[in-house]
Amino acid sequence: MHKYRTHNCGELRAEHINKEVKIAGWIHRKRDLGNLCFIDLRDRYGVTQLVIDESAAADVRTAAEKLGREFVLQAAGKVVERSSKNDKMPTGEIEIVVSDLQVLNPSETPPFTIEDETDGGEELRAKFRYLDLRRNPLQSAIKLRHKMAQEVRKYLDAQGFLEIETPFLIKSTPEGARDFVVPSRMNAGEFYALPQSPQTFKQLLMVGGYDRYFQIVRCFRDEDLRADRQPEFTQIDCEMAFVEREDVLQTFEGMAKFLFKKVLNIEFDKEFPRMSYNDAMKYYGSDKPDIRFGMRIFELSDRVKGKNFSIFDNAEYIGGICVEGCGEYSRKQLDELTDWVKRPQVGAGGLIYIQWKNDGIKSSVDKFYTPEELRKIASDNGAKPGDLIFIMAGKKNQTINALGKLRLEMGSRLGLRDNKVFAPLWVYDFPLLEWDEETKRFYAMHHPFTSPKPEDLENFYSDKKETVAEVCANAYDFVINGTEIGGGSIRIHDAKLQQRMFEVLGFSAEDAAKRFGFIINAFKYGAPPHGGIAFGFDRWCAIFGGQESIRDFIAFPKNNTGRDAMLDAPSGIDEVQLKELKIRLVKE
RNA sequence: GGGGGUGUAGCUCAGUUGGUUAGAGUAUCGGCCUGUCACGCCGAGGGUCGCGGGUUCGAGCCCCGUCACUCCCGCCA
């Protein structure tokens, strides 16, 4: 017989009645009624009730009195039918009449309760992460992540992808996010960088002839954090050779549907919608639109000017959204929303409304427009009696961005963003470049290995900055419910085009050679056409789990300031280590 | 770099206009209890009100500074 257990805490049922079993786990709760004592024993499979009654030996009964929460306990006994069953738990028909008890390890009283709805705050739970991990919500998140990883591997393996590891100690490339940097003892004064993504390596694997590659891989970015951003995070990194955009989209739309089916049992029989970047910005004010609901942004720039309302007359852009069924909002609600959009995080100057109330039209601009004009503006943009129009005006990018945020906020307030509903889509035709006014140079919107669209290739070589700025990237993002889940592109595989890209980005030939010489060289030796995509694995898991934060889907995450509260990392290192690395710290 | 929120018992929180000995729930400990399953009942212990300074006869509460956590903006090719 097994030393510790014959069964886990989740599997015993009526069919096991009269069996002698051994079971082990953590004491979830104890209910001591005097001469009768119940113990809920828990492991990751479930909870089973132990009962210690007069049939137990005296020493067992004495031992039971001293048991506390989270003791690791092993019990032996007979499975019996309960006299009062509990239909709330899967094992509720049975219990184990304990004949023998072993405390495998006692426990101090945990600082918070190990319950689905714990009483612990985030900070405390982070410090005692190993206790938090015992809780059901964390266990199901970690299990979901495991399931996702397994299904990704199954799908990609079946499609002929090879899983290949790439190095973590690589070279710093000052484009893009800040690198985490690792000093080298053997090469004093020099540093490795941890990869922000295995981008160049996967392209080199294409040159190496591994025409379908993937990796579930840790990536590192030394940037400020968010609920959905960690300094180290995991990507499903993929690359294919001899493909164009359509091949990549088909392959990974297939993977997404496979995961929806296998993990959530949701079938998508239709193709995922596709939207150009321009349309996404125009109608949703975002390059990652949440299309679980409509409320699309409409433009009013040309039709509301010339009525002496200076805010409109001076605006580069005027746009609005129509919020269904909110026409009877109170003044207080409207004022509160106006304050909401004026917060620096949204940054709007103000909020104009047209209420289509039961007793007529009411608006914050009815000094400038007649009720008929306002009704026409409203009805032309999809409003009907009982609806509310919000309008913002100002600089184009800022305003449309603020409208996008208001749209999401109203969607949330109206319950249109159900986390059990999934709306995936592809966004494509991103601009290749972004002009930065401060540094007076172009930056790659995606990364410098993204190819221009074939039809824009000629413009990419133009001498005119304006023409180059218009070039579209052969790039695509995968979006679910307003969250960017993945992004990729068809890459440059031509050494000359890659040189041109570095030139456009303002690198001298020497600079480019110094930083990216290895890849330019590789492209001289028969690089196949290739492209790929990388998915944010943690985010995908969180979305599938219906959560905003990725933290619970990572066993040991960092806090908001990049610290590990449990380890208390990062920390200083001792003088000997510094000396070996030939590093001296400077006090500021 | 910036904005919002929070910080009071092990934990989660309340604490009025600045005024007596800072409370509740829960957890812990002790007692009673043979069908509980958030067991119940009785009792007890438990506080650097984040930290430092200031105003005041008097500060958990007001002011200044600082730290930590959290959400967001910038940033994240």
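Both backbone and side-chain heavy atoms feed into the values below; hydrogens, waters and symmetry mates do not.
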Please determine if Glu223(A) and Arg178(A) form a salt bridge, counting it only when a charged side-chain N lies under 4.0 Å from a carboxylate O.
-> yes
Polar side-chain contact Gln49(A)-rU36(B) base: donor and acceptor under 3.5 Å | yes
Arg31(A) vs rC39(B): side-chain N/O to OP1/OP2 distance below 4.0 Å = yes
rU6(B) and rG53(B): how far apart are their C1' atoms, nearest whole angstrom?
-> 22 Å
rC33(B) and rG43(B), which share atom name C1', separated by this distance in whole Å | 15 Å
Under 4.0 angstrom between Asn86(A) side-chain N/O and rU36(B) OP1 or OP2 = no
Nucleotide paired to rU20(B) in any strand shown, Watson-Crick or G-U, under 3.5 Å | none
Under 4.0 angstrom, heavy atoms only, what part of the nucleic acid is Ser83(A) near: base, sugar-phosphate, or nothing?
-> base
Mind checking who rU28(B) pairs with, Watson-Crick or G-U wobble, both distances under 3.5 Å?
-> rA44(B)
Does the ring of Tyr284(A) carry Arg407(A) above it, NZ/CZ under 6.0 angstrom from centre and within 45° of its axis?
-> no
Under 4.0 Å between a side-chain N/O of Thr113(A) and OP1 or OP2 of rC11(B), yes or no?
-> no
Assign Lys85(A) to base, sugar-phosphate, or nothing according to its heavy-atom contacts below 4.0 angstrom with the strands shown.
-> base
Find the partner of rG7(B): check Watson-Crick (N1-N3 plus N6-O4 or O6-N4) and G-U wobble (N1-O2, O6-N3) distances, both under 3.5 Å, and reply none if neither fits.
-> rC67(B)
Distance test, side-chain N/O of Arg29(A) to OP1/OP2 of rC39(B), below 4.0 Å = yes
Classify the nucleic acid contact of Pro111(A) as base, sugar-phosphate or nothing, counting any heavy atom under 4.0 Å across all strands shown.
-> sugar-phosphate
Mind checking Tyr443(A) for me? I need base, sugar-phosphate or nothing, with any heavy atom below 4.0 Å counting as a touch.
-> nothing
Charged N-O contact under 4.0 Å between Asp224(A) and Arg229(A) | no
rC13(B) versus rC71(B) - spacing of their P atoms, nearest Å = 15 Å
Can you check whether Asn559(A) has a side-chain N or O nearer than 4.0 Å to OP1 or OP2 of rC69(B)?
-> yes
Base rG35(B) paired with Glu95(A) side chain (donor-acceptor, <3.5 Å) | yes
Using a heavy-atom cut-off of under 4.0 Å over every strand shown, decide if Leu124(A) touches base, sugar-phosphate, or nothing.
-> sugar-phosphate
Between Arg226(A) and rC73(B), is there a side-chain N or O to OP1/OP2 distance below 4.0 Å?
-> yes
Complementary nucleotide for rU56(B) - Watson-Crick or wobble, under 3.5 Å = none
So, is Arg551(A) near the phosphate of rC71(B), with a side-chain N or O under 4.0 Å from OP1 or OP2?
-> yes
